[in-house]
Protein chains: 2
Amino acid sequence: MYKGNLDTIILKLLSEHNKMYGYEITQKVKELSQGKINIKEGALYPALHRLKSKGFLEVETLKVDNRLRKYYKLTKNGNKESIVKTAELEEFINTMQLLLNPKFNFK
Amino acid sequence: MYKGNLDTIILKLLSEHNKMYGYEITQKVKELSQGKINIKEGALYPALHRLKSKGFLEVETLKVDNRLRKYYKLTKNGNKESIVKTAELEEFINTMQLLLNPKFNFK
DNA sequence: TCTATATACCTAATCAACTTAGGTATATAA
DNA sequence: TTATATACCTAAGTTGATTAGGTATATAGA
């Protein structure tokens, strides 16, 4: 489970890979997370459509090996959003660390 | 937002404070998180009741300064659960770090 | 040949956990 | 007398996931 961070994960990945298609994203996340995060299709595709409808992603459909692939890439706004969301996730993680390690609160 | 980690936060706090009441938990979390996490009552109280019904918490009602306080403390199973959930949250955070800092994947 | 697995997309129904918004009540500070 | 803090509670609505279903092609194995 990615706990509301799926959009952030997608935006962050796309900020590093120019363009990716849905299935590729699930595999990349699985690889980067050492098998711990397995994005479900029922979460992924609605998320991609949501991000596109918000103007953060643009799509290009290509046929590769007789199969359709929908490549997504960040728009200019998507790039901004990626930076904002990534910063928010980092802050969230730092805050969680404070709760887990209360002794380090005043470090 | 605490993104599905409220139960973990409560269990972890109670593992360090013996007994706490609801309002106290919200204040303590606000303090520890430097104001960033503001637990809503609509989330807190159902969570406390849920954890109690699962046998992880036990309650003692006291009247202090003419106001009721419901003090919660971990049961034996609650203590176990606290350890499990805390470890899960730590692992989740580590996994998120991998996604945020892909260069550190092989450290 | 048939079946399972991988690749590649999609949606609808369901579930869990949150926010919002309402309620009750006492104590204190402006 | 009004707002804020303390202290508890629940119901309705929203969000974002899972589960489970669908379509279709390619490949590996029994």
Side-chain angles (χ1 to χ4, degrees), chain A residues 1-11 13 19-31 33 35-54 56-57 59-72 81 85 88-89 92 95-96, chain B residues 1-11 13 19-31 33 35-54 56-72 81 85 88-89 92 95-96 99:
Chain A
M1 245 263 266
Y2 11 96
K3 293 172 176 163
N5 297 303
L6 181 55
D7 288 10
T8 308
I9 291 170
I10 292 171
L11 292 168
L13 258 190
K19 66 175 183 178
M20 299 181 84
Y21 57 99
Y23 188 77
E24 185 184 13
I25 290 173
T26 66
Q27 300 309 301
K28 194 70 187 172
V29 169
K30 192 181 289 184
E31 178 199 325
S33 69
K36 281 160 197 157
I37 296 188
N38 188 12
I39 299 179
K40 306 300 192 307
E41 300 185 345
L44 176 74
Y45 292 111
L48 288 172
H49 302 159
R50 199 162 56 231
L51 290 169
K52 178 175 176 268
S53 78
K54 285 178 179 172
F56 297 141
L57 303 184
V59 195
E60 182 192 5
T61 303
L62 296 180
K63 195 157 197 168
V64 180
D65 294 334
N66 204 32
R67 276 199 216 88
L68 283 183
R69 287 181 183 173
K70 296 198 173 174
Y71 280 94
Y72 292 87
E81 181 74 358
K85 286 284 207 176
E88 281 174 9
L89 178 51
F92 172 71
T95 302
M96 282 297 148
Chain B
M1 246 262 267
Y2 13 95
K3 293 173 176 165
N5 297 303
L6 181 55
D7 287 11
T8 308
I9 291 171
I10 292 170
L11 291 168
L13 258 191
K19 66 174 184 179
M20 298 181 85
Y21 58 98
Y23 187 77
E24 185 185 12
I25 290 173
T26 66
Q27 299 310 301
K28 194 70 186 173
V29 169
K30 192 181 291 184
E31 176 199 326
S33 69
K36 281 161 197 155
I37 298 187
N38 188 12
I39 299 178
K40 306 299 193 307
E41 301 185 345
L44 175 73
Y45 292 110
L48 288 171
H49 302 160
R50 198 163 55 232
L51 290 169
K52 178 173 176 268
S53 78
K54 286 178 178 171
F56 297 143
L57 302 184
E58 56 188 23
V59 196
E60 183 192 5
T61 302
L62 296 181
K63 195 156 199 170
V64 179
D65 293 334
N66 204 31
R67 276 200 216 87
L68 282 184
R69 288 181 184 172
K70 295 199 174 175
Y71 280 94
Y72 292 87
E81 182 75 358
K85 286 286 206 173
E88 281 174 10
L89 177 52
F92 172 71
T95 302
M96 283 296 147
L99 296 183

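Throughout, a chain's letter reflects where its sequence line sits, starting with A, and its residues are numbered from 1. Predicted, not measured: the structure shown is a model, and the values here were computed from it.
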- Query: Expressed in angstrom and rounded to an integer, what is the separation of B:Lys63 atom NZ from C:dT26 atom P?
  - Reply: 8 Å
- Message: For a side chain to side chain contact (heavy atoms under 4.5 Å, CB included) check, start with the C-alpha distance between B:Lys40 and B:Tyr2, then their side-chain angles and the critical distance, and finish with the verdict.
- Response: CA-CA 10 Å; B:Lys40 306 299 193 307; B:Tyr2 13 95; 4.3 Å; yes
- Between A:Ile39 and A:Thr26, what is the shortest heavy-atom contact and its length? O-CG2, 4.0 Å
- Item | Pairing of B:Arg50 and B:Asp7 as salt bridge, 4.0 angstrom limit | yes
- Query: Looking only at heavy atoms, what is the nearest atom pair of A:Tyr72 and A:His49, with distance?
  - Reply: OH-CD2, 3.8 Å
- Message: Show, in sequence, the C-alpha distance, side-chain angles and deciding distance for A:Leu57 and A:Val59, and conclude whether the side chain to side chain contact (heavy atoms under 4.5 Å, CB included) test is met.
- Response: CA-CA 7 Å; A:Leu57 303 184; A:Val59 195; 5.7 Å; no
- Using whole Å, report how far CG of A:Asn66 lies from P of D:dA26. 4 Å
- Could you encode protein contacts along nucleotides 8-17 of chain C as a string, one character per nucleotide from 5' to 3', using B for base contact, S for sugar-phosphate-only contact and - for no contact, with a heavy-atom cut-off of under 4.0 Å? SBBB------
